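Below is one structure, written out as structure tokens; the observations come after it.
Quick caveat: nothing in here was measured; it's all calculated off a predicted structure. First the proteins, then the strands, lettered A, B, ... as listed; each starts at 1.
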There are 2 protein chains.
Amino acid sequence: MPWKFNSREAVFVQIASRLRGEILRGKYQPDEQIPPVRQLAFEAAVNPNTMQKALSVLEEEGLLYSRGTVGRFVTTDRSALERCRETVRKDAVRHWIEEAAALGITREELLHYISEEGEKSE
Amino acid sequence: MPWKFNSREAVFVQIASRLRGEILRGKYQPDEQIPPVRQLAFEAAVNPNTMQKALSVLEEEGLLYSRGTVGRFVTTDRSALERCRETVRKDAVRHWIEEAAALGITREELLHYISEEGEKSE
DNA sequence: ATTACTGTACTAACACAATAATACAACGCA
DNA sequence: TGCGTTGTATTATTGTGTTAGTACAGTAAT
């Protein structure tokens, strides 16, 4: 089924986030080939150009590398993966805390609401 | 000083978020007049049109209302403010949990990292 | 009445995101 | 060799966000 996107962020950014998460969560192992651009684009129901742009983002981050015309692969550098995992997580958490503050939500309230929301959904 | 914006979201959306937070946190009291569009635009260092678009968002949410050519005011409906506060908070929390999941962060980890990040910064 | 300020509306211009439709070179394989 | 797949590049088009500049009508204060 086509992936879900919101209208706040650019699609290629959302795709990059999703794929980044899949890689960091180990859906694709180091040195494993990921599906070709066209197939990913088809699955996500976006234009191949958009998918390629998302992939180039992950390439710049060092999560993926391209073997010329053979395909795209997850980096073999496991420490790079780990470093990226840390960076992404820290940036995200900092970002969420900032957003919460902008909405007038303190850290304590944030913690409280997250546990609450979690209990109901899963 | 000019407000800070990221390039991921549209500027008017970020402005709306910021002002929404200020209203919900009580920077502007119910029925209090907010600064005119042009002044806010100047402070934020954005175009008046962009600021107006942000304000119209908050108007649709019922947080602000316009008194013709007199100015824009915070709603007098305190229950509406409270309802908005709840809605905004719930949507935000749900959104953050989703984003965290996309990055491979479980709810438990999320709680842990937020307390950690909070301890260091404040 | 005049002046200054308010929200609001409008056009033009530019940048970027996204789609669409191709095209091409390199590689693997039969 | 030839075919199919790979990543990559190109051009054109559409929609939207943002800036810029201008204009207008209603309100308040003088």
[N] [atom2] sits how many Å from [X] [atom1], rounded?
X       : N      : atom1 : atom2 : answer
A:Phe5  : C:dA17 : CZ    : C1'   : 13 Å
A:Phe42 : C:dA20 : CZ    : C1'   : 17 Å
B:Leu64 : C:dG7  : CG    : C1'   : 13 Å
B:Glu60 : C:dT8  : CD    : P     : 12 Å
B:Phe73 : D:dT27 : CZ    : C1'   : 11 Å
B:Met51 : D:dG17 : CE    : P     : 16 Å
A:Gln52 : C:dA18 : CD    : C1'   : 14 Å
B:Asn6  : D:dG17 : CG    : P     : 15 Å

Which listed nucleotide ([options]) is nearest to the side chain of [X]?
X       : options                : answer
B:Lys53 : D:dG17, C:dT6, C:dA23  : D:dG17
A:Ser66 : D:dG17, C:dT6, D:dG7   : D:dG7
A:Thr50 : D:dG17, C:dT6, C:dT19  : C:dT19
B:Asn47 : D:dA20, C:dA20, C:dG7  : D:dA20
B:Val11 : D:dT18, C:dA26, D:dT19 : D:dT18
B:Asn49 : C:dA23, C:dC10, D:dT10 : C:dC10
B:Thr69 : D:dT27, D:dT19, C:dT8  : D:dT27

Report task. Give a yes or no answer on whether the side chain of B:Arg85 reaches the backbone of B:Leu24 with a donor-acceptor pair at less than 3.5 Å. Result -> yes

Requested in this report: Output yes when a side-chain donor or acceptor of A:Gln29 lies under 3.5 Å from a complementary backbone atom of A:Gly26, and no otherwise.
Outcome: yes

Requested in this report: Tell me what B:Arg72 touches on the nucleic acid: a base, only sugar-phosphate, or nothing, going by heavy atoms under 4.0 Å.
Outcome: sugar-phosphate

Query raised in the report: Within a reach of under 6.0 Å around CZ of B:Phe42, are more than 12 heavy atoms found that belong to other residues, nucleotides or ligands?
Result: no

Requested in this report: Kindly check if the number of other-residue, nucleotide or ligand heavy atoms within 6.0 Å of CZ (A:Arg78) is above 12?
Outcome: no

**Report entry** Identified salt bridge (Lys or Arg N to Asp or Glu O under 4.0 Å) partner of A:Glu59 from the options A:Arg72, A:Lys53, A:Arg67
**Finding:** A:Arg72

Report summary line: The answer to which of A:Phe12 and A:Arg67 contacts DNA chain C further toward the 5' end, by nearest nucleotide, is A:Phe12

